[in-house]
Structures are given as C-alpha cells and as structure tokens.
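Inspection log for the structure reproduced underneath, given as structure tokens.
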Amino acid sequence: MKKMILVTGGTGYIGSHTSVELINEGFEVLIADNLSNSDISVLDGIEKITGTRPLFEKTDLSDAIQTQKLFEKYPGISAIIHFAAYKAVGESVSIPLKYYYNNLNSLMLLLKNMEEKGIQNLVFSSSCTVYGEPDTLPVTESSAIKPASSPYGNTKQVCEEILRDTSAANDNLKIISLRYFNPIGAHPSALIGELPLGIPNNLVPFITQTAIGLREELKVFGVDYNTPDGSAIRDYINVVDLSKAHVTAIKRLLENKNRKKLETFNLGTGNGFSVLEVIKAFEKASGEKLKYKIVGRREGDVEKVYADTQLANTELGWKAGTGLEETLLSAWKWEKQLRKNKNQAK
Ligand code: UFG
C-alpha cells in the first residue's frame with residue numbers, strides 16, 4: 001500500500017514541486033492548503049505531470065478545529081511535510097501578528113495532532129534566514145543563529161525552537177528541518193512554477209516578469225557591497241533539486257535512518273552568485289536583453305550567504321545537480337507559459 005504523506009502548503013511553490021516528486025516516488029499525496037497564496041489550478045499541473053491528482057483539503061492549519069478535522073478524516077497519514085506559512089519578508093514587518101499567528105499556530109497544531117494520532121515523522125521548511133549575516137562562509141548547520149532581521153525570519157527561528165523542545169520531550173517524534181537557501185526555477189514541463197501575488201519581492205520572478213514586459217525594469221538593490229562586482233551574493237537552488245531533498249528526507253524518516261530525533265540540513269548548491277551574475281546568466285540562457293538599473297540597498301538584505309552542503313551531501317545523500325542557466329531557463333519557460341495561459345483565458 002502507498003504511504004500517505006500530508007503536504008501542507010502543497011499548492012504553493014515548493015510544495016507543488018515536492019508533491020510531484022513524492023507521487024513520482026510512489027507516495028500518496030494529501031495536500032492541505034488554505035489557498036491564501038496559491039491557486040487550486042496547481043492541482044491540474046501536478047496531475048498533468050504525474051498522471052495522478054493528489055488528494056486535496058482546503059484547510060486553514062492555524063485553525064484548531066479545521067486541523068483536527070483534517071486528521072480525523074485521514075487516519076492513515078505516515079508523515080508530514082510542513083510548507084504552509086506566510087513568507088513575504090516586507091509584509092511581515094508591517095503586519096507581524098499575521099505572521100506570528102499563522103506560522104507558529106500551524107506548527108503547534110500540527111505537532112499536537114501528530115502526538116494525538118501517533119504520527120511520528122515531520123519534515124519542516126526552514127530557511128537560511130536563521131543565519132542572518134554570517135561571520136564565515138560557507139555557512140554550516142552549526143553556524144551561529146543570528147537575531148532575525150524580520151518577523152518572518154523570527155517565525156522560522158521560533159519554529160525551530162518549538163521543534164527542538166518538542167522533539168526533546170517526545171521520544172516518538174522524528175523531525176528533519178531543512179534550511180533552504182534561495183529556491184528558484186520551475187518544473188521543466190512548465191506546468192507548475194512560482195506564482196507570485198502582485199509585484200514580486202524575489203529576484204528571479206522579477207527578472208522574468210521584466211523580460212516578458214510586465215515590469216518596466218529590474219532594480220538591482222546595491223552594488224556597493226564587499227563582493228567582486230559589488231552586488232549581493234546568494235546561493236540559488238533549483239526548486240526541483242530542492243523538492244527531491246524532501247523525498248530523501250521523508251524516506252530517511254520512514255526507514256528510521258535518521259541519526260538523531262531532530263536533524264537539520266542546509267539545502268543549497270554551495271555556490272554563491274551575485275545579482276549581476278544572475279542577470280548575465282539569465283540573458284545568456286534566454287537570449288533576452290534585460291532592462292535594469294542600479295539603485296540603493298534594500299533594507300534588511302545581507303551581503304553574502306551560501307551554503308556548506310557537506311552534511312546534506314554525505315549524511316542525507318542529496319546533492320543539487322542543476323546549473324544556474326538551466327534553472328533560469330526553466331523559470332523563463334514557465335513565465336512564458338503563464339502569460340500564454342492568461343492571454344488565452346482573456
Ligand atoms: N534583488 C534585487 N532586485 C529585486 C529583488 C531582489 O536586486 O527586485 C536582490 C536582493 O537585494 C538580494 C537578491 O536579489 O540581494 C536575492 O533577493 P530575493 O528577494 O530573491 O531573496 P532574499 O535572499 O532576499 O530572500 C530569500 C528568501 C526569504 C528569506 C531570505 C533569507 O526569499 O524567504 O532569503 O536571506 F528570508
């Protein structure tokens with residue numbers, strides 16, 4: 001019998017790509033999502049790619065009754081991947097309570113229901129934001145956790161603390177926390193990808209929307225950093241590669257191969273690219289000339305951060321394989337497909 005994996009936030013960006021990889025690996029996927037930042041049509045994309053439509057429940061996981069009902073309805077859940085969370089850094093500064101309420105309550109309610117139902121396995125969506133501006137590079141999993149620069153970042157830190165304490169108090173729980181660097185790109189089929197609401201905050205969707213003519217020009221936030229070309233450096237990780245790490249983590253838990261009750265892994269490529277390098281790579285991959293201008297730094301941005309991936313490579317047995325240009329091309333293909341669909345719908 002197929003093992004059922006509950007994927008919270010499964011119609012979202014990383015959740016949808018992970019649902020595809022889970023189905024491809026023979027798991028039954030149950031998606032719970034409140035659709036606050038995603039669209040139900042994502043299920044069609046997942047079905048077209050895999051030939052299987054995942055189970056779906058519209059659930060607000062920060063609501064105790066709705067969450068309990070979900071667990072009552074599906075007694076056969078073997079493991080959970082918890083993606084559902086708000087993630088807009090800027091919005092979290094203006095509406096912090098929205099972020100604390102949703103991101104913390106949903107995790108606590110999941111853990112409570114897991115305890116009650118005897119579900120033992122959890123993979124948690126964390127972020128490299130917990131490292132802040134690191135003292136040394138690349139960052140390892142034992143690098144210092146720095147004070148968060150936004151309420152969003154703080155929710156990830158507090159969630160990790162909740163996991164630490166809950167795991168210490170419960171011998172039956174097995175948890176893997178995955179700290180993502182900068183996920184970008186889309187499924188190579190261009191049937192699923194990132195769907196930013198309104199004006200994108202993140203670099204790659206802003207690039208593709210500019211190239212397609214939706215935005216006038218990209219603003220490069222600062223070229224006065226202490227980096228070779230002056231622009232900020234990040235570790236951009238292909239979303240399909242990233243999704244595969246979740247399947248690896250789920251299998252590790254289900255097969256009891258974890259070494260500790262709570263394990264943490266960095267998910268990145270180990271390579272840092274500057275904003276200007278990403279622009280050049282996009283132009284090369286797409287053949288499009290990108291209109292951009294250099295402006296001042298964005299508040300809260302760190303200068304450079306990239307992952308030490310040794311633990312993920314050797315212990316988890318996962319490695320990112322897709323190059324930057326190929327990943328940017330997948331994002332570009334997705335953007336073009338998205339606009340085609342939107343124009344057809346008009
Ligand atoms: N950038 C631009 N112009 C833009 C958008 C971004 O120059 O229009 C730059 C940023 O200044 C930064 C880089 O591109 O140097 C990447 O920015 P993103 O917004 O794509 O990603 P961040 O590194 O800021 O954010 C990511 C995740 C967050 C997480 C954070 C932790 O999206 O969820 O990493 O560092 F909190």
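Order of appearance sets the numbers: ligands from 1, and atoms from 1 within every ligand.
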Q. Taking side chain as C-beta onward, heavy atoms only, is L104 less than 4.5 Å from C159?
A. yes
Is any NZ, NE, NH1 or NH2 atom of the basic residue among R252 and E315 found under 4.0 Å from an Asp or Glu carboxylate oxygen of the other?
yes
Atom 13 (C) of ligand 1: closest protein heavy atom, distance to 0.1 Å, is Y236 OH, 3.5 Å
Looking at E303, R179, K87, R234, the heavy atom closest to atom 23 (O) of ligand 1 belongs to R234
Quiz prompt | Sub-4.0 Å heavy-atom approach of N201 to ligand 1 | solution = yes
_Ion pair E141/R179, N-O distance below 4.0 Å_ = no
Given the options D308, D235, V305, V139 meets side chain to side chain contact (heavy atoms under 4.5 Å, CB included) only with V305
for atom 19 (O) of ligand 1, nearest protein heavy atom and its distance come out as R298 NH2, 2.8 Å
Quiz item: Just by distance, with hydrogens left out, do N313 and T309 show a side-chain donor and acceptor under 3.5 Å apart?
Solution: yes
Of all protein heavy atoms, the one nearest atom 20 (O) of ligand 1 is L203 N, 2.8 Å
If we number the atoms of ligand 1 from 1 as shown, the ones under 4.0 Å from a heavy atom of A232 are 15 (O)
Of all protein heavy atoms, the one nearest atom 32 (O) of ligand 1 is N202 ND2, 3.0 Å
For D301, the atoms of ligand 1 under 4.0 Å from one of its heavy atoms are 10 (C), 11 (O), 12 (C), 24 (O)
Contact region, V302 to ligand 1, non-hydrogen atoms below 4.0 Å, reads neither
Please determine whether any non-hydrogen atom of Y152 lies less than 4.0 Å from an atom of ligand 1.
yes
Less than 4.0 angstrom from a charged side-chain N to a carboxylate O is my criterion; do K98 and E91 meet it? yes
So I14 and Y180, do their side chains get closer than 4.5 Å, heavy atoms only?
yes
Would you check whether F273 reaches within less than 4.0 Å of ligand 1, judged by its heavy atoms?
no
In terms of its nearest heavy atom to atom 4 (C) of ligand 1, the top option of F206, F181, F221 is F221
Counting heavy atoms under 4.0 Å, the part of Y180 that contacts ligand 1 is neither
Heavy-atom proximity to atom 35 (O) of ligand 1, picking from G132, C128, S92, points to C128
Near V275 (heavy-atom distance under 4.0 Å), the atoms of ligand 1 are 7 (O), 9 (C), 13 (C), 14 (O), 15 (O)
In ligand 1, the atoms that come under 4.0 Å of a heavy atom of K219 are 2 (C), 3 (N), 4 (C), 7 (O), 8 (O)
Report task. Evaluate the side chain to side chain contact (heavy atoms under 4.5 Å, CB included) criterion for residues Y99 and S150: first the C-alpha distance (whole Å), next the side-chain angles of each, then the deciding distance (0.1 Å), finally the verdict. Result -> CA-CA 10 Å; Y99 280 69; S150 72; over 6 Å; no
Checking heavy-atom distances from atom 30 (C) of ligand 1 to each of T129, V220, V305, the winner is T129
Atom 34 (O) of ligand 1: closest protein heavy atom, distance to 0.1 Å, is N182 OD1, 4.0 Å
Could you check whether E160 pairs with K156 (Lys NZ or Arg NE/NH1/NH2 to Asp/Glu carboxylate O, under 4.0 Å)? no
Between H187 and V240 the two heavy atoms that sit nearest each other are CA-CG2, 4.0 Å
- Answer yes if the ring centres of F83 and H17 are under 6.0 angstrom apart, and no otherwise. no
